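All figures in this text were calculated on a predicted structure; none of them were measured in a lab. Note that ligands are numbered from 1 as they come in the structure, with each ligand's atoms numbered from 1 the same way.
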Amino acid sequence: MTGGGQRLHVPVLTHDVVRLLNPRPGNLFVDGTVGLGGHAEAILEAEPEVRVVGIDRDEAALERARRRLDRFGDRAVLVHGTYGNLDRLLDQHDVGPIDGLLFDLGVSSLQLDDNARGFSFRADGPLDMRMDRSCGVTAAEWLTLVSPEELERVLREYGEERYARGIARAVVRERIARPIETTAQLRDVVHRAVPRAYFTQRIDPATRTFQAIRIALNEELAQLSLGLRRGFARLSKGGTLAVISFHSLEDRMVKSYFRNLAAACICPPDLPVCACGKRVEAEILTPKPIVPTEDEVAANPRARSAKLRACRKAIEFGR
Ligand SMILES: C[S@@+](CC[C@H](N)C(=O)[O-])C[C@H]1O[C@@H](n2cnc3c(N)ncnc32)[C@H](O)[C@@H]1O
């Protein structure tokens, strides 16, 4: 689909998100990745006396969310920016402690389905991949600047791509011949760089490369690390932090952050007495991540790899 993309992004695990955030009259929530406003809408519908501040770095998504949430009047406030900057953005809008925070990571259908955004190799388009088109370099520009070693690292770490070295070398060969400016061109470079056997996999051989470059370009893991820390710090006593992730790197980061919050002690195991002074900062609400049912995946294939984790801030740590 081109242009504005008429299909609506279907929010994933919405029922569980609302159940875990548990909206009560007077609550204030932040949706750090408001996207097209699906989760925010569900939260606002669940309880008539809650407010939601929605943040997104994508102006086009915010415009859609604005239209969708318009009927809630001043109960919904939309803010352009990155959730890694959440504390500054909330300060600017005079928002104090919050009762719950949601991050629904990754890209939206709006972004994926719009060929002009360059996130997908399924149709040809300019190789952009910036979630925020008002700043930063495009993927095409990044590919002219990145060293072969750095590109290989990005493909290996963020794409878990086993042919990272071969693909990085192929990209460098291609860019010497001509700049890599379109999604189809990058897809073809990857296709030529990997063995034939790779084509028999469930996913297209270019999938991991596109994912890796998108993560690097948008600094998604650095954003998540900042968002978790700054978001948790903003929660009031008993407030809930919920995160939906779509790949193992993100999920690992969320899981280990939650584990650390829930730990009573982080001393080395051989220390006879506790010296760290750590206290339990949060209770984990999802000992195992919540994943979509088969029915949800059948209705919304994007939900396939979703994992939802949530924790609740301990009373003694609240603001
Ligand atoms: C999966 S979509 C969210 C969909 C949303 N929950 C809904 O129901 O429509 C992820 C959104 O997060 C935004 N995003 C990703 N990283 C971000 C960041 N660091 N700061 C702010 N927004 C971000 C993307 O632009 C995208 O619109």
Starting from [atom], which protein heavy atom do you reach first, and at what distance in Å?
atom	result
atom 20 (N) of ligand 1	Tyr83 N, 2.8 Å
atom 7 (C) of ligand 1	Gly38 N, 3.4 Å
atom 19 (N) of ligand 1	Gln223 OE1, 2.9 Å
atom 16 (N) of ligand 1	Met131 SD, 3.6 Å

Please classify the [X] to ligand 1 contact at 4.0 Å (heavy-atom distances, strictly less than): side chain, backbone, both or neither.
X	answer
Asn218	neither
Leu110	neither
Arg57	both
Gln111	side chain

Exercise. Please examine the side chains of Leu105 and Glu220, heavy atoms only from C-beta on, and report whether any two atoms are closer than 4.5 Å.
Key: no
Quiz item: Which heavy-atom pair separates Leu62 from Asp56 by the least distance, and what is that distance?
Solution: CD1-O, 3.7 Å
Are [X] and [Y] grouped together when hydrophobic residues (ILVMFWY) are joined by side-chain heavy atoms under 4.5 angstrom apart?
X	Y	answer
Leu151	Ile215	yes
Phe258	Leu249	yes
Leu78	Leu28	no
Leu221	Leu226	no
Phe103	Val34	no

For ligand 1, which atoms sit closer than 4.0 Å to a heavy atom of [X]?
X	value
Gly37	7 (C), 9 (O)
His39	6 (N), 8 (O)
Gly32	21 (C), 22 (N)
Pro11	8 (O)
Thr82	20 (N), 21 (C)
Asp58	25 (O)
Leu36	7 (C), 9 (O)
Leu105	1 (C)

Quiz item: Among side-chain atoms of Asp128 and Thr138, is any donor-acceptor pair under 3.5 angstrom?
Solution: no
Quiz item: Regarding Glu47 and Asn27, is there a side-chain donor-to-acceptor distance under 3.5 Å anywhere?
Solution: no
Practice problem: Have a look at Asp56, Val79, Thr33 and point out the one with the heavy atom closest to atom 25 (O) of ligand 1. | Solution: Asp56
Check contact between [X] and ligand 1, using heavy atoms of the residue and a distance below 4.0 angstrom.
X	value
Arg302	yes
Gly81	yes
Gly106	yes
Val34	yes

Quiz item: Quick one: does NZ or CZ of Arg304 land under 6.0 Å from the six-membered ring centre of Phe246, within 45 degrees of the ring axis?
Solution: no
Quiz item: Any salt bridge between Glu160 and Arg252, counting N to O under 4.0 Å?
Solution: yes
Quiz item: So, Glu41 and Arg71, do they make that salt bridge, N to O below 4.0 Å?
Solution: yes
Quiz item: Is there at least one pair of N or O atoms, one from Asp31 and one from ligand 1, spaced under 3.5 Å apart?
Solution: no
Exercise. Drop me the distance from His191's NE2 to Tyr198's OH, to the nearest 0.5 angstrom.
Key: 10.5 Å
